[in-house]
Amino acid sequence: MQLHSPRAWIRVIARNAKRLMVFIAGVAVLLAGVAMLALPGPGVLVVILGLVILATEFAWAERILDRTTSTAAGAANKLTDNNKGRAALAASGIGMIVGGIVLAVMFERLLVVGVSVAIAGVVGLITLLPQVRAWIDTKANTPA
């Protein structure tokens, strides 16, 4: 493609600006997710969200996303494969929601932590839904 016309230049600049914005947003979300792996919050979910953002523009991110979702689905599948695992997940999800709400309401300084913990509990409970379990089974059995 020749870049002699102003339209061609504008297309190239716009395309690269979009890729840069996607890269900045994706890396920011990805780093927040990595931080949440050690801090309270749905770290794995946020890491996957960051990879989803990056995968809209970058093939390398799509490959990493496929491997990450397969690994996470395999772990979730092992946990929800039996009644004890599902009961433990339900109990911990409810406990995280209640604990997160208590933190957010009683300790104003811990509002963000409380909300993050509650969201993580909701995410845990969502994995118990039949439709989500079917998706997890599919992802877990898909080669990375």
Side-chain angles (χ1 to χ4, degrees), residues 1-81 85-86 88-144:
M1 167 161 85
Q2 291 186 359
L3 297 178
H4 296 293
S5 73
R7 275 194 174 151
W9 278 101
I10 290 170
R11 274 195 300 267
V12 168
I13 291 169
R15 174 71 179 148
N16 287 328
K18 179 186 174 205
R19 285 178 63 94
L20 180 63
M21 295 305 288
V22 167
F23 181 76
I24 290 169
V27 168
V29 172
L30 187 65
L31 291 175
V34 170
M36 285 184 206
L37 293 173
L39 301 170
V44 173
L45 182 67
V46 177
V47 166
I48 290 172
L49 180 61
L51 289 171
V52 166
I53 293 168
L54 288 167
T56 62
E57 288 293 323
F58 302 102
W60 58 264
E62 191 170 354
R63 288 189 299 273
I64 295 171
L65 177 63
D66 288 341
R67 274 187 269 142
T68 303
T69 53
S70 292
T71 303
N77 199 23
K78 285 180 185 176
L79 180 65
T80 59
D81 216 13
R86 285 191 294 274
L89 184 58
S92 67
I94 292 168
M96 290 175 78
I97 292 169
V98 171
I101 291 170
V102 168
L103 276 176
V105 170
M106 294 189 69
F107 303 100
E108 190 176 308
R109 288 184 14 215
L110 299 176
L111 177 67
V112 174
V113 173
V115 170
S116 295
V117 169
I119 290 171
V122 169
V123 170
L125 290 178
I126 288 172
T127 61
L128 295 173
L129 295 173
Q131 302 90 338
V132 177
R133 291 200 59 231
W135 179 82
I136 289 170
D137 287 340
T138 303
K139 288 303 273 183
N141 296 320
T142 302

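What you see is a predicted model, and the numbers here were worked out from it, not measured in a lab. The chain is numbered in sequence order, starting from 1.
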What is the minimum heavy-atom distance between [X] and [Y], and which atoms define it?
X: A55; Y: A61; value: N-CB, 3.7 Å
X: M96; Y: V117; value: O-CG1, 3.3 Å
X: A104; Y: L111; value: CB-CD1, 3.7 Å
X: N77; Y: D137; value: OD1-OD1, 2.6 Å
X: M36; Y: V46; value: SD-CG2, 3.8 Å

[atom1] of [X] to [atom2] of [Y]: how many Å apart, nearest 0.5 Å?
X: F58; Y: I53; atom1: CZ; atom2: CD1; answer: 12.0 Å
X: L125; Y: L89; atom1: CG; atom2: CG; answer: 6.5 Å
X: I48; Y: L30; atom1: CD1; atom2: CG; answer: 11.0 Å
X: E62; Y: T56; atom1: CD; atom2: OG1; answer: 9.5 Å

For atom CZ of F23, decide whether the heavy atoms of other residues, nucleotides or ligands shown that lie under 6.0 angstrom number more than 12.
no
Would a 4.5 Å heavy-atom cut-off, applied to side chains only, mark T68 and T71 as touching?
no
Within a strict 4.5 Å, meaning less than it, do heavy atoms of the I97 and I94 side chains meet?
no
Who passes salt bridge (Lys or Arg N to Asp or Glu O under 4.0 Å) against E57, sequence neighbours left out?
R15, K18, R19
Can I126 and L129 be said to form a side-chain contact (heavy atoms from CB on, under 4.5 Å), step by step?
CA-CA 6 Å; I126 288 172; L129 295 173; 4.3 Å; yes
With side-chain contact (heavy atoms from CB on, under 4.5 Å) as the test, pick out the partner of I24 among L20, V27, V22.
L20
Closer than 3.5 angstrom, by distance alone: can the side chain of S70 be matched with the main-chain N or O of R67 as a donor-acceptor pair?
no
